[in-house]
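What follows is a short report on a single structure.
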Amino acid sequence: MEDNCIFCKIIKREIPGDIVYENEYVCAFKDLHPVAPIHILVVPKIHITSLQDVNDENLEYVAQIQKAFKEIAKITGISDKGYRVICNCGEDGGQEVKHLHYHFIGGKKLGAKIVHD
Ligand code: AMP
Ligand code: ZN
């Protein structure tokens, strides 16, 4: 855990977060600025800075995230409708918060699959 990381602080309940799902490995909470009716951030419960920092030691946390999407879809009632998962990495990827996170987005028919600008 990193002292100055806002997502670590949400996980530790040091700052408020609207947590919708969590287990031993994963925490999922509502994005502060949703881009769709359902916009949830799914993060590992250890501090991993970005996809560039995934390794054999922390891989279990990342693997568990892949499984959590299904649970979150169930909780939000969109398993059948579908959803989109986005992970921004680094400067060019537009990553602002330096704690690995996946945007789980849905609740409406989404537009362009790849955003160019
Ligand atoms: P990214 O640009 O991929 O790093 O996304 C960071 C996301 O974190 C943005 O969508 C923000 O709206 C969201 N965000 C920032 N601070 C918080 C917070 N305290 N609680 C929930 N979401 C946040
Ligand atoms: Zn962190």
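Counting starts at 1 for both ligands and their atoms, following the listed order. This chain uses plain numbering: 1 for the first residue, then up along the sequence. Heavy atoms only: backbone and side chains are in, while hydrogens, waters and symmetry mates are out.
- Within the 3.5 Å criterion, the main-chain N or O of C27 finds no donor-acceptor partner in the side chain of E22.
- H39 contributes no side-chain N or O that, together with a main-chain N or O of L32, makes up a donor-acceptor pair within less than 3.5 Å.
- Protein N/O/S atoms closer than 2.8 Å to the Zn ion (ligand 2), listed by chain and residue number, are C5 SG, C8 SG, H47 ND1, H99 ND1.
- In this structure, the side chains of I65 and F104 stay at 4.5 Å or more apart for every pair of heavy atoms.
- For the pair L100/V62, a side-chain contact is recorded, criterion being any heavy-atom separation below 4.5 Å from C-beta on.
- For ligand 1, the 4.0 Å heavy-atom shell takes in I6, F7, I10, F29, K30, D31, L32, H33, L41, N88, G94, Q95, E96, V97, H101, H103, ordered by chain and residue number.
- For the side-chain contact (heavy atoms from CB on, under 4.5 Å) with V26, the lone residue among I11, V42, I72 that qualifies is V42.
- Using a distance-only test at 3.5 Å, with no hydrogens or angles considered, no donor-acceptor pair links the side chain of K81 to the main chain of A73.
- A distance of 6.0 Å or more separates the ring centres of F69 and Y83.
- I40 places none of its side-chain heavy atoms less than 4.5 Å from the side chain of Y21.
- Around atom CD of Q52, no more than 12 heavy atoms belonging to other residues, nucleotides or ligands sit under 6.0 Å away.
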